[in-house]
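So that the names make sense, note that chain A is the first sequence line, chain B the second, and so on, each numbered from 1.
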Amino acid sequence: MEIPKAYEPKTAEEKHYRRWELAGCFAPEINENRDAPKYSIVIPPPNVTGSLHMGHALQHTLMDVLTRRKRMQGFRTLWLPGTDHASISVQRKVVELLRKEEGKTPHDIGREEFLKRAWAWKEKYGSTITDQMRREGASVDWSRQRFTMDESLSKAVREVFVRLYEEGWIYRGKRIVNWCPVDKTVISDAEVKDETRKDGKLTYLQYPVKNSDRKITVATTRPETMLGDTAVAVNPTDERYQDLIGKTIELPLTGREIPIVADEYVDAEFGTGAVKITPAHDPNDYEVGLRHNLPQLVIMNEDATMNENTPADFVGLDRFVARKLVVERFEELGLLEKNEDYEVTLPTCERCKNIIEPLLSEQWFCKMDEMRDLALNLMREEKSPQFYPEVPNEKVYTVWLENLKDWTISRQLWWGHPIPAWYDENGNAFVARSFEEAAEKAGTSDLKQDADSLDTWFSSALWAFSTFGWDGEITETEDLNAFLPTDVLVTGRDIIFLWVSRMVMTTLKFVGKKPFDDVLITGTVLGKDGKPMSKRLNNGVDPLDMFDKFGVDATRIYLASIATGADIRWNDQQIETFRNFANKIWNASRFCLLNSDGARVDYYFLNPQAEVAEIKNLIGDELTDDFDEEDEEYLDKIDPEFAKDNPKENLSIADRWIISRLNRTAIEVNRALDRYFYHEAVSRLYHFFWNDFCDWYIELVKDEITSEEPNIWRDAARSRIITVLEQALRLLHPFMPFLTEELWQMLPETGSNLHNPAYEGAEKTIMLADFPMGDANLIDERAESEMQAVIELISKARNIRAEMNIKPSERVSLLVAANGDSQRVFAENESQILKLARANDLRLTEKLEAPRQSARAALSGSAELAIPLEGLIDFAKEIERVEKELAKLNTEAQRLNAQLTNENFVSRAPQEKVEEIRARVVDIEQRTKTLNQTLEALD
RNA sequence: GCUCAGUUAGCUCAGUUGGUAGAGCACACGCUUCACACGCGUGGGGUCACUGGUUCGAGUCCAGUACUGAGCACCA
């Protein structure tokens, strides 16, 4: 077999995905077990405008690891993919394309034509991200792929809108909203992001009082809005302004006269104690305006230029230009009191980052009270959904719900779900599932549909059940029954409000079920500079570049190695670690494969007792006369006399040790993944594979399996190592699907017989192999401690060699003093010890008898090691080495003794603990004694 | 302003019932050891931000301080 020396990720990556997909491995239908428990995840739908970024790669990896493991465990597993229509993003792309290619605006071509272009755009570019998901190895069921504007999902949107309207939760009203002048649409509170700027100004403007030489000073961060002022307010108790309440102000620049009103809202302590009131451009002013019956004067256009309600020389000016001009004019009039630096917090549009303009506007709103309570009750009564990590996410979620305000759901966009409302010529609204229904309600067909569309998050809110076929008319489907609630939602913390909470609310209301059990909130992958990746900072890392450079598997397992929920600063060196790990797996497998003649993958090599039990179960406990020929080959397996000569049942300490380590690892990996502790699972696998399997097990059995002589003992050893490897590959598969599949296919005698019973008929693939759960009965504490002693002996010998500068080619002798039991262990592993310590003989005695010219080391269990170094020993150096060791022991002894002489410790600490410390002190004393003798001998 | 999180080896980070401080990388020394130099062996390196408290015992629990970050509120 020709196997390249270095792992080439591309080769494996190109080979397997399509095969898996064609074989139907991703669909739940592959599972042949009728009674299999289900496991389901619905993907957070990426935007059709998006291309894969590190956040996706992270989330997809985490979802795929869970999905692949559960699938291997025999669950009926579904990971449902899909995409989101992303109305603002697509709209912006299409507008831009239109401008560039044809120099036209959307209004030039009209709504219908615009939507055609938008669909075309979606068809052309909308699958970028789903193609990239194939590259990631994401085992999603493409046959169930959804898009938020699919007919069935759109129908669900209309249905939900109509029902909420009919129940009075959705209404149309005039309110101050967040207006994005660049996207030219309203956005919801949740889509506004506050940004603090230090270069703001607080401008103090003087307003002359009519028929008086008094002026009243107001402060503002947005001077241009004074053009829309319809009052000045002061606190009713403010003595400074008592005589001015009820007077009139001649508003400069406008020629308008406005009243001075008294309102509790004004804080007398802040600024000048007088506030300009602009009801149409500020939410607080709006409220004040309502209380005092003030006019609502809108002074801006939808692109945030000044409108015809402003003086002629302002009309058409951008808001920021107008701002400067207002200040200039006030200065000219001598009415500018001051203009001081001020730190301001500006509302910005989450999507386009431009500054939001609060604006009076008529929109559709959704009152959340009822659905909010459903969600809060679910949390209170069932503590659901369960957040991971629970702190701080559960609180963030709950507090947000408690303070929830009405949701602005209309958008001035064409791309999206049209609002199912029609107006007659008098402007009466008819909300209906279709035009026909609306016409019936209105009693006329002379209706015009609402020009706006719905917030993209409105359809996303239904994603948990609309993806399973719920459309309002159809409310039960096989998938809905089978897969809802899903097991876990994996997503980022930025959309807990925008999405997670809303799915909980709508699913409870419309399906009467919770959408998911768990919510796993991932951290943010930051750039190398520790800041969130962004185009502006140019600190982004493209996952596809990482795939090319380090391989998909290395990238995946690196992403999984990040502690759950923690932010991570991107670092190429970390991913390189896992690229090297992939190569290590490749080469260890290569070694096993190069020595695999006569070997086969057979789990019973790792658990012969299970085979014996199975055979006994098969043929009965007693060997009766009707024992037929066919059974004879089993004889050696159940008869202790024969078993002696059966290599399958004669396990060395090293064999029992690696089997124990393997099972311990499997148990820990499963335990960790059950708690979404991916990083712990990765760490366990990494160290099991690299340290236990490669550094020790391969080295310990190397001679045996590379022996030239083919015989049953060698073949058994080969089968054992290759079976351990195969188990390790299964454990690694959810993290590194391509590498493990590539290698697994090369192993001798792998087939669908290794599959989980649920997939017996399927084409052979590791992704359907039974996931090892680990068997606690195969954890062998004794083998582990015995092997630990062997490892310690070898390590100490190597340490002496390195510190004494003994050439690798120089063979040494090992003199070891140990008790009977330890001697047996060392003797059993003599050849391995000699090889790995580069020694040519090992002498085991009760008491150490070593020449003066020896280097020595104390081992655990009162054992001692000496290496005679006649002519080689550097006494000064050896003294130094031993003293260093003694110093270490001394520090520890002091600390432990301090504890033991502390009466409080001895009397109050658990007896167990005290005994443990005592035992350690004894051990340290023993070692110290040994080393002191060594020093004496050296003097 | 309120709330929360973080502060552990040069770097990036683990450390869940309080009981000998860990990993990877980097660093030093030595290796053509027949799977792997994307490697092998050995080693050095930390008063776990600071102050106080609880405890026989604190990286771990409590209070406070400093710095970093996030969310919410305010923002005339």
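Comparing B:G39, B:G43, B:G19 by their nearest atom to the side chain of A:K584 picks out B:G39. In the set B:G19, B:U12, B:C36, B:U12 carries the atom at the smallest distance from any side-chain atom of A:I568.
Summarising the base pairing, B:C29 is matched to B:G41 through a Watson-Crick or G-U wobble pair whose two defining distances lie under 3.5 Å.
If you check distances only, the side chain of A:K395 never reaches the base of B:C4 with a donor-acceptor pair under 3.5 Å.
Note on A:E704 versus A:K702: no salt bridge recorded, every NZ/NE/NH1/NH2 to OD/OE distance being 4.0 Å or above. The residues A:E892 and A:K888 are annotated as not salt-bridged, no charged nitrogen and carboxylate oxygen being separated by less than 4.0 angstrom. By the 4.0 Å N-to-carboxylate-O rule, A:K549 lies close enough to A:D572 to be salt-bridged with it. Ion pairing between A:E708 and A:R714 fails under the 4.0 Å rule for side-chain N and carboxylate O.
With contacts defined as side-chain heavy-atom distances shorter than 4.5 Å, the pair A:P910/A:K913 qualifies. The shortest side-chain heavy-atom distance between A:K884 and A:E803 falls under the 4.5 Å cut-off.
Straight-line distance from the CG atom of A:D567 to the P atom of B:G69: 13 Å, rounded to whole Å. Taking atom CD1 of A:I557 as the reference point, atom C1' of B:A23 lies 14 Å away to the nearest angstrom. Summarising the geometry, the separation between NZ on A:K5 and C1' on B:C34 is reported as 10 Å, rounded to the nearest angstrom.
B:G59 and B:U51 are spaced 13 Å apart, taking the P atom of each and rounding to whole Å. Rounded to whole Å, the separation between the P atoms of B:U54 and B:A5 comes to 24 Å.
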Close N/O contacts between protein and nucleotides 24-30 of chain B (under 3.5 Å):
unit_1, atom_1, unit_2, atom_2, d
B:G24, O2', A:T577, OG1, 2.4
B:G24, N2, A:Q574, NE2, 3.1
B:C25, O2', A:Q573, OE1, 3.3

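Looking at which nucleotide of RNA chain B each of A:E892 and A:R569 is closest to, the 5′-most match is held by A:R569.
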